[in-house]
Amino acid sequence: MDECPRCGGSINELSLGDVSTVMCSRCGFADIPVEHQPTSEEVESWRDALNRFYEQSADR
């Protein structure tokens, strides 16, 4: 991740020990860079995703 997904500015990596994150000095965006890949080809509806979230939250 070389450019900020929010404003297109340059991203700087910050690290402390084994932990690191990225941030944009222009807009303040800070996040951990990840690659999102679907785990299956089946598309989940928003309703099903929210229901799954609520069910998992209720179990805690």
Shortest non-hydrogen contact from Cys4 toward Cys7: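 Taking every non-hydrogen atom into account, SG-N, 3.4 Å.
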Which pair of heavy atoms, one from Cys24 and one from Gly9, lies closest together, and at what distance?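 Residues Cys24 and Gly9, closest heavy atoms: SG-CA, 4.3 Å.
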Counterpart residues, side chain to side chain contact (heavy atoms under 4.5 Å, CB included), relative to Ser15 (two or more places apart): Ser20
Taking only residues two or more places apart in sequence, or in another chain, which ones meet Arg52 in a salt bridge (charged side-chain N to carboxylate O under 4.0 Å, His left out)? Glu44
ILVMFWY clustering at 4.5 Å (side-chain atoms), partners of Trp46: none
Any chance you could pull the hydrophobic cluster mates of Met23, using side-chain heavy atoms under 4.5 angstrom and chaining through other members?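 Answer for Met23: Leu14.
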Can you list the residues that meet the side-chain hydrogen bond (donor to acceptor under 3.5 Å, both in side chains) rule with Asp48, with sequence neighbours excluded?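 Checked Asp48 against side-chain hydrogen bond (donor to acceptor under 3.5 Å, both in side chains); matches are Ser45.
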Taking atom CZ of Arg26 and atom CD1 of Ile11, what is their separation to the nearest 0.5 Å?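 Here the interatomic distance stands at 10.0 Å.
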